[in-house]
Amino acid sequence: VVSQLLHDLKNQLIAYQVSLDMVGEDRTSILRSKLEASQHLDNASTICQSLLLVSDSMKSPVAVPISVGSFIRQFIAGKIATVPSNIRLLPPKSLGDSIFYTSEVFLKSIFENLIKNSVEAMPDGGEIRIEWLYDDIEDLLLLEISDTGPGFSPEVILKIEARQILDSTKHRGSGIGILSVMSMVERMEGTCSLSSKLGEGTQWNITLPSMLLDDDFLNASSNKDDIR
């Protein structure tokens, strides 16, 4: 993925320079060349953002205790204002809460990426819902992120499962966000599965095991106890 992104970035930067070098003499040609150069620069910027996203997903997750229900409800409350008005971001049906040891940074990033993909896929509006369940016997967190969008074709699902970059369309990006989610879930030693059909929406099911608390967190907690 990284090598392909770097290859695409190089092509966009070359195309940007070519557009600048081909400036014509009349005003129309100059404006056209500047517009093409600007488009290539925008594409290069998008690729750089994708590279940063991939880089973040390759970091090691740091576990902290979180109150899952409260965390998700607070995340949705802060996110509602940023999604289009024709999209409903629905909170979990469960009003309960459970303490779970996991990476707060990775969990937030997973939600951010999957919701972003759902929003892009539903320009005419729709619903996105996050549900969760804590399995206290197996010490597992079960997450379900679903939308009422157009869904994925079998061909696209195969590409996603094969960790391939997708061909961008008007309502779908290259899938870098999805690949990053899959990478983060793996680093958290969890699993994720995709259920989707054209015209029937998309649902992600993610299972995360409880993680060992980070040493820095344990030391900080110990120091607080000593002060008391």
Side-chain angles (χ1 to χ4, degrees), residues 49 53 56-57 61-152 157 160 171-173 175-211 213 217:
Q49 293 174 7
L53 192 59
D56 287 342
S57 70
V62 177
V64 297
I66 66 170
S67 300
V68 181
S70 299
F71 175 83
I72 294 177
R73 287 191 290 272
Q74 289 173 7
F75 171 83
I76 291 177
K79 195 69 180 174
I80 285 177
T82 68
V83 300
S85 58
N86 62 349
I87 290 181
R88 297 179 64 202
L89 185 54
L90 304 175
K93 296 177 182 178
S94 171
L95 297 177
D97 223 335
S98 295
I99 300 297
F100 188 72
Y101 300 141
T102 191
S103 169
E104 181 178 350
V105 174
F106 272 35
L107 192 58
K108 182 179 180 181
S109 185
I110 287 170
F111 289 152
E112 289 276 6
N113 281 294
L114 293 182
I115 288 175
K116 179 176 181 291
N117 276 278
S118 294
V119 169
E120 290 176 348
M122 300 188 295
D124 297 325
E127 294 183 351
I128 304 171
R129 181 183 290 278
I130 299 176
E131 295 288 353
W132 69 278
L133 176 68
Y134 173 58
D135 182 345
D136 57 350
I137 297 177
E138 299 292 336
D139 200 13
L140 296 173
L141 177 61
L142 312 177
L143 299 170
E144 179 185 292
I145 303 96
S146 59
D147 66 48
T148 58
F152 293 116
I157 293 177
I160 291 174
H171 302 310
R172 189 193 69 224
I176 293 298
I178 291 176
L179 296 180
S180 297
V181 166
M182 297 171 75
S183 177
M184 284 185 281
V185 170
E186 282 188 355
R187 287 185 173 275
M188 298 163 80
E189 298 186 357
T191 60
C192 62
S193 62
L194 168 64
S195 176
S196 182
K197 290 183 179 180
L198 285 176
E200 298 184 13
T202 296
Q203 178 175 307
W204 286 92
N205 293 295
I206 297 173
T207 301
L208 299 174
S210 179
M211 298 171 57
L213 286 176
F217 178 85

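Counting heavy atoms from C-beta outward, Asp135 and Thr207 have side chains that stay 4.5 Å or more apart. Ile76 places none of its side-chain heavy atoms less than 4.5 Å from the side chain of Phe111. Looking only at side-chain heavy atoms (C-beta outward), Trp204 and Ile178 come within less than 4.5 Å of each other. The shortest distance between side-chain heavy atoms of Leu141 and Trp132 falls below 4.5 Å. Residues Ile206 and Leu114 are in side-chain contact: their nearest non-hydrogen atoms beyond the backbone lie under 4.5 Å apart. Looking at Thr202 and Ser146, their side chains never come closer than 4.5 Å, going by heavy atoms from C-beta outward. Looking only at side-chain heavy atoms (C-beta outward), Leu194 and Ile160 come within less than 4.5 Å of each other. Contact of the Val185 side chain with the Leu208 side chain is registered, since non-hydrogen atoms from C-beta on lie closer than 4.5 Å.
In summary, Glu189 and Arg187 do not engage in a salt bridge, as defined by a charged side-chain N under 4.0 Å from a carboxylate O. Taking the charged nitrogens against the carboxylate oxygens, Lys116 and Glu112 have no contact shorter than 4.0 Å, which rules out a salt bridge.
In this pair, Tyr134 and Phe100 present their aromatic rings perpendicular. The plane angle is above 60°, beyond the 30 to 60° band.
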Show the numbers, then the answer: is there a side chain to side chain contact (heavy atoms under 4.5 Å, CB included) between Ser109 and Met184? CA-CA 9 Å; Ser109 185; Met184 284 185 281; 3.3 Å; yes
Would you sort out whether Ile128 and Arg88 count as a side chain to side chain contact (heavy atoms under 4.5 Å, CB included), showing the intermediate values? CA-CA 6 Å; Ile128 304 171; Arg88 297 179 64 202; over 6 Å; no
Mind running side chain to side chain contact (heavy atoms under 4.5 Å, CB included) on Ile130 and Ile115 for me, showing each step along the way? CA-CA 9 Å; Ile130 299 176; Ile115 288 175; 4.1 Å; yes
Before giving the answer on side chain to side chain contact (heavy atoms under 4.5 Å, CB included), spell out for Leu90 and Glu127 the whole-Å C-alpha distance, their side-chain angles and the decisive distance to 0.1 Å. CA-CA 7 Å; Leu90 304 175; Glu127 294 183 351; 3.6 Å; yes
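Expressed to the nearest 0.5 Å, how far CD1 of Ile145 lies from CD of Glu131 amounts to 10.0 Å. Rounding to the nearest 0.5 Å gives a distance of 13.5 Å between CD1 of Ile99 and CG of Asp136. Residue Ile157 holds its CD1 atom at 5.0 Å from OG of Ser196, rounded to the nearest 0.5 Å. Ile72 CD1 to Lys79 NZ: the interatomic distance, rounded to the nearest 0.5 Å, is 15.0 Å. Taking CD of Glu138 as the reference point, atom OG of Ser210 lies at 12.5 Å (rounded to 0.5 Å). Rounding to the nearest 0.5 Å places CE of Met122 at 10.5 Å from CG of Asp124.
Nearest heavy atom pair, residue Arg73 against residue Pro92, reads CG-CD, 4.4 Å. In terms of heavy atoms, Ala121 sits closest to Pro150 at O-CD, 3.1 Å. The heavy-atom pair separating Cys192 from Met182 by the smallest distance is SG-CG, 3.9 Å. Residues Gly190 and Pro209 approach most closely at CA-CD, 3.8 Å, considering heavy atoms. Nearest heavy-atom pair, Val119 versus Pro84, reported as atom, atom and distance to 0.1 Å: CG1-CD, 3.7 Å.
Side-chain atoms of Ser67 do not come within 3.5 Å of backbone N or O of Gly69 as any donor-acceptor pair.
For Phe71, the CZ atom is densely surrounded, since the number of other residues' heavy atoms within 6.0 Å is greater than 12.
A side-chain donor-acceptor contact under 3.5 Å links Asp97 and Ser70.
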